Amino acid sequence: MNKKLKTDAVNQLFDAVLTLENREECYAFFEDLCTVNELLSLSQRFEVAAMLRQQKTYLEIAEKTGASTATISRVNRSLNYGSDGYELVFNRMK
């Protein structure tokens, strides 16, 4: 975990997220918390991660998601060298 990220404010945000019980509550909270573009960017990164795990090419991913190669590369780096957060979530979603 990045030590710069672990702050009281971030802990409070994560605690708030952990109280959400369903998709509708997530929509309500994240619509208030994020701009439309921020939320779409987050969902795009998640979609990119899923496609990378399926061994899709950068070109296929860019065409389907509209993500830039820089975004795809950044997500790929997280999948390969990150904190395994994507893997944790994907495994739980099975």
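Residue numbers run from 1 in the order of the sequence given. Bear in mind that the values here come from a model prediction, so they are computed numbers and not experimental data.
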Assigning hydrophobic clusters by single linkage (Ile, Leu, Val, Met, Phe, Trp, Tyr; side-chain heavy-atom cutoff under 4.5 Å), is [X] placed with [Y]?
X	Y	result
Phe30	Leu18	no
Leu5	Tyr81	no
Tyr27	Leu20	no

In terms of heavy-atom contacts, does [atom1] of [X] have more than 12 from other residues, nucleotides or ligands at under 6.0 Å?
X	atom1	result
Phe29	CZ	yes
Asp8	CG	no
Gln54	CD	yes

| field | Side chain Glu31, main chain Ala28, donor-acceptor under 3.5 Å | value |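 Side chain of Glu31 to backbone of Ala28: no pair is present.
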
| Applying salt bridge (Lys or Arg N to Asp or Glu O under 4.0 Å), which residue pairs with at least one partner in residues 57-79 are found, sequence neighbours left out? |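 Matches after skipping sequence neighbours: Glu47-Lys64.
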
| All pairs passing salt bridge (Lys or Arg N to Asp or Glu O under 4.0 Å) where residues 14-25 contributes a residue, at least two apart | none

Inter-residue atom distance [X].[atom1] - [Y].[atom2], 0.5 Å rounding:
X	Y	atom1	atom2	result
Cys26	Leu33	SG	CG	11.5 Å
Asn11	Leu13	CG	CG	9.5 Å
Gln44	Ser68	CD	OG	7.5 Å

| message | Out of the candidates Thr65, Leu40, Thr71, only one should pair with Arg45 under the side chain to side chain contact (heavy atoms under 4.5 Å, CB included) rule; please name it. | response |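 With Arg45 as partner, Thr65, Leu40, Thr71 yield a single side chain to side chain contact (heavy atoms under 4.5 Å, CB included), made by Thr71.
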
| message | Under 4.5 Å side-chain heavy-atom separation, chaining through any Ile, Leu, Val, Met, Phe, Trp or Tyr, what else clusters with Tyr86? Say none if it is isolated. | response | Phe46, Val48, Met51, Leu52, Tyr58, Ile61, Ile72, Val75, Leu79, Val89, Phe90, Met93

